[in-house]
J.: 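Structure in structure tokens, see below.
Order of the sequence lines sets the chain letters (A, B, ...), proteins ahead of strands, with each chain counted from 1. None of these values were measured; they are calculated from a predicted model.
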Amino acid sequence: MSRVRVRFAPSPTGGLHLGGMRTVLYNYLFAKKHGGDFVLRIEDTDQTRFVAGAEEYIFNCLEWCGMTPDESSRKEGAYGPYRQSERKAIYGQYAEQLVKSGHAYYAFDTPEALEQMRIQYKTEKNPSPMYDAKVRQYMSNSLTCSPEEVQRLFEAKTPYVIRMKMPENETVSFTDMIRGEISFDTNLVDDKVLLKSDGMPTYHLAVVVDDYLMKITHAFRGEEWLPSAPVHLLLWQYLGWKDAMPQWAHLPLILKPDGNGKLSKRDGDRLGFPVFAMNWQDPKTGEHTEGFKEKGFLPEAFINMLALLGWSSGKEQELFSIEELIETFSIEQVHKGGAKFDYEKAKWFNHCYIQKQQNEQLAVLMQSFIKTEKKYPSDYLVKVAGLIKERCHLLSDFWAQGHFFFETPAIEELQAIKDKWNTDKAAFFITWTVALNSVTDWSHDILEQSFNAQVVATGLKKGEVMLPLRIMLVGGKYGPGVFDIAALIGKEETLYRIQQVVQQL
RNA sequence: GGCGCGUUGGUCAAUCGGCUAAGACGCCUCCCUUUCACGGAGGAAUGACGGGUUCGACUCCCGUACGUGCUACCA
């Protein structure tokens, strides 16, 4: 069998969403598992939808996840160029070849004529008429015009497209790697435009030609492409490449968490979670969309979560390293049905990966979330990371969970102390801070011993003074052990915080 | 409307004719922790519906319903 070659073929039109990233992942895993090549091909045949920066953005997203293509516009292999706009000259000849063999024809219909046709043939039973075998005989094309007329139109530089001539009464079928046997009736498929009037191919011609020329062996794409599969199948056949056709797999959709339908950027905005892999700013509207990366996701967690959204290994294991995914993944085990995206579960994955992460690395990752000007030594950050990591689902939780390591906190829960405050407690803290003043070995154990001794000496219950102490140091009822916190923030700051609060009571 | 595809707890899902239907997320209770979290122990919650086939069906077949995708000189 020939070397496995797969491709991810996005249009550079905007942010890369979950569905797109998952398509990349499955392609990548499949390629690596079979020792094949992972190709990135930019499908920029629609010049009206071109968005500046979108291609670079795609590269950035793949890089963040460590899924670098083996061949791409940045790393030319033997099958370039990898940008369809730069391959424009290639497609025309194949379209012409199809015209010669009788599988395609020139069509001169203006946009107005097409619209007119759709209105004319529209009925209640057929709300969207197709340019098909019946309709094409009433349109302006090389099937209805005489050769002389066609010649005249060419000479007059009349804009034209090349349309595929769909056969009548045929059944086209193929085996999808996920869904099995699928078949279509050609009477229900229209004469797709293959080559546009600007000389650019449409997706239909371009995928087939490029997949052939790039020797793609397996083609994975979203389920939304299923209805046009017969067009592609026939093209492979008419171009005489049937034996080289890749195996197809149509991936299920990723659905919105509530209600029904395909997950869209809007849902993320509405429900408060990212949909794009990384931050994306639309150059035209200036609209900014937060990505998983900037939201505080670790790429390993993001990938793990994505892999299991529509695929299952069949085992109980849920945490997979990229190597394990490559080892375990199989396209046949991808589900047929769409999966609703669950942000809570996504955060759970991230939480797991944060726990696995070394404190040293976490400290570096968390740095961008510190909101104070002051710089802290890295070993301080490492200690903080170790103390609060288990409370974080996102890297961005770092601040909410550990801000008091970097600033004197506002006392949110002052009332909780006030309610049960009395002179005994006030005396406790005053005498304890005095005792603390002479402590030289400022460590967790010493602090705890000192505190316990003071509790015994005053006859108070430990719990009565523990909670106030926590609130004095943290501002609220949360966070790591109080003596850990005190030990880390240091003597001066600890005493300062206690005194500040005691004064307010 | 037509065509395609899909349908196991709230969500992700296991099962490839033997089910008293795994597991995970989330939720609830309890334990641990004089905070929160982590961890531990429990709990509630599932085969869209109707027909077949079969000793036996969540698993196979057929209908129905529902959902979703497509139906552009967009991908």
J.: Between rA24(B) and rG63(B), how far apart are the two C1' atoms, rounded to whole Å?
T.: 36 Å
J.: Please tell me which of M466(A) and F184(A) maps to the more 5' nucleotide of RNA chain B, matching each residue to the nucleotide holding its nearest heavy atom.
T.: F184(A)
J.: So what does K262(A) touch, heavy atoms closer than 4.0 Å: a base, only the sugar-phosphate, or nothing?
T.: sugar-phosphate
J.: Counting any heavy atom closer than 4.0 Å, what does R221(A) reach on the DNA or RNA strands: base, sugar-phosphate only, or nothing?
T.: nothing
J.: What's the closest nucleotide to the L188(A) side chain, out of rC12(B), rG2(B), rA24(B)?
T.: rG2(B)
J.: Quote, to the nearest angstrom, the P distance that separates rC28(B) from rC36(B).
T.: 14 Å
J.: Using a cut-off of 4.0 Å on non-hydrogen atoms, how would the nucleic acid contact of S312(A) be classed: base, sugar-phosphate, or nothing?
T.: sugar-phosphate
J.: I'd like to know if R87(A) and D210(A) make a salt bridge, using a cut-off of under 4.0 Å between side-chain N and carboxylate O.
T.: yes
J.: Rounded to the nearest Å, what distance is computed from the CZ atom of residue R179(A) to the C1' atom of nucleotide rC3(B)?
T.: 15 Å
J.: Would you call K347(A)-E344(A) a salt bridge at under 4.0 Å N-O?
T.: yes
J.: Taking the side chain as everything from C-beta on, heavy atoms only, tell me whether I178(A) gets closer than 4.5 Å to E332(A).
T.: no
J.: For rA44(B), which nucleotide in any strand shown is its Watson-Crick or wobble partner with both distances under 3.5 Å?
T.: none
J.: Who is the Watson-Crick or G-U wobble partner of rA22(B), with both distances under 3.5 Å?
T.: none
J.: Considering every strand and a 4.0 Å limit on heavy-atom distances, what is the contact class for H250(A): base, sugar-phosphate, or nothing?
T.: nothing
J.: Take atom CE of M305(A) and atom P of rA13(B), then tell me their distance rounded to the nearest Å.
T.: 13 Å
J.: If I take atom NZ in residue K420(A) and atom P in nucleotide rU34(B), what distance separates them, rounded to the nearest angstrom?
T.: 17 Å
J.: Scan K462(A) against the nucleic acid and name what it touches under 4.0 Å (heavy atoms): base, sugar-phosphate only, or nothing.
T.: base
J.: Expressed in angstrom and rounded to an integer, what is the separation of L226(A) atom CG from rC3(B) atom P?
T.: 15 Å
J.: Within the structure shown, what part of the strands sits under 4.0 Å from D109(A) by heavy-atom distance: base, sugar-phosphate, or nothing?
T.: base
J.: If you take atom types as modelled and just measure distance, does the side chain of T202(A) reach the base of rC73(B) with a donor-acceptor pair under 3.5 Å?
T.: no
J.: Does a side-chain N-to-carboxylate-O contact under 4.0 Å join D258(A) and R270(A)?
T.: yes
J.: May I ask you to say what P480(A) touches in the nucleic acid, namely base, sugar-phosphate or nothing, with a heavy-atom cut-off under 4.0 Å?
T.: base
J.: In whole angstrom, what separates Q401(A)'s CD from rU35(B)'s C1'?
T.: 12 Å
J.: Are R49(A) and D46(A) ion-paired here, with the side-chain N under 4.0 Å from a carboxylate O?
T.: yes
J.: Looking for any heavy atom pair under 4.0 Å, which part of the strands does S11(A) touch: base, sugar-phosphate only, or nothing?
T.: sugar-phosphate
J.: Categorize T45(A) for me: base, sugar-phosphate, or nothing, with a 4.0 angstrom heavy-atom threshold over every strand shown.
T.: sugar-phosphate
J.: In terms of the nearest nucleotide of RNA chain B, which residue is placed more toward the 5' end: S228(A) or K345(A)?
T.: K345(A)
J.: Given the C1' atoms of rA48(B) and rA44(B), what is the spacing between them in whole Å?
T.: 22 Å
J.: Taking the P atom in each of rU8(B) and rA14(B), what is the distance between them to the nearest angstrom?
T.: 10 Å
J.: If we check side-chain contact (heavy atoms from CB on, under 4.5 Å) with K462(A), which of these qualifies: N452(A), V456(A), L467(A)?
T.: N452(A)
J.: Should rU33(B) form a Watson-Crick or G-U wobble pair with both distances under 3.5 Å, which nucleotide is its partner?
T.: none
J.: Could you tell me how far apart L40(A) (CG) and rA75(B) (C1') are, to the nearest whole angstrom?
T.: 15 Å
J.: Are the side chains of F483(A) and M466(A) in touch, meaning some heavy atoms are under 4.5 Å apart?
T.: yes
J.: Identify whether any heavy atom of G481(A) sits under 4.0 Å from a base atom; if not, whether one sits that close to sugar-phosphate; answer base, sugar-phosphate or nothing.
T.: base
J.: Could you tell me which nucleotide pairs with rU59(B) by Watson-Crick or G-U wobble geometry, both distances under 3.5 Å, or answer none if nothing does?
T.: none
J.: Does the structure show a Watson-Crick or G-U wobble partner for rA13(B), both distances under 3.5 Å? Name it, or say none.
T.: none
J.: Looking at R163(A), I'd like to know whether one of its side-chain N or O atoms comes within less than 4.0 Å of OP1 or OP2 on rC73(B).
T.: yes
J.: Mind calculating the distance between CZ (R391(A)) and C1' (rC38(B)) to the nearest angstrom?
T.: 8 Å
J.: rC73(B), rG1(B), rC70(B): which one has an atom nearest the side-chain heavy atoms of R118(A)?
T.: rC73(B)
J.: If the threshold is 4.0 Å, N to carboxylate O, is there a salt bridge linking E464(A) and K461(A)?
T.: no
J.: May I ask which nucleotide in the shown strands pairs with rU71(B), Watson-Crick or G-U wobble, both distances under 3.5 Å?
T.: rG1(B)
J.: Taking rU11(B) as the reference, what is the distance to rG67(B) when you measure between their P atoms (whole Å, please)?
T.: 15 Å
J.: Paired with rG6(B) by Watson-Crick or G-U wobble geometry, both distances under 3.5 Å: which nucleotide is it?
T.: rC66(B)
J.: Check whether any side-chain nitrogen or oxygen of H204(A) sits under 4.0 Å from OP1 or OP2 of rA75(B), and answer yes or no.
T.: no
J.: At under 4.0 Å between heavy atoms, what does G479(A) touch on the DNA or RNA strands: base, sugar-phosphate, or nothing?
T.: base
J.: When you check the phosphate oxygens OP1 and OP2 of rC38(B), does a side-chain N or O of K389(A) lie under 4.0 Å from one of them?
T.: no
J.: Under a 3.5 Å limit for both distances, which nucleotide forms a Watson-Crick or G-U wobble pair with rC38(B), could you say?
T.: none
J.: What's the CZ-P distance between F8(A) and rA75(B), to the nearest Å?
T.: 15 Å
J.: Just call it for I182(A): base, sugar-phosphate, or nothing, with non-hydrogen atoms closer than 4.0 Å on any strand.
T.: sugar-phosphate
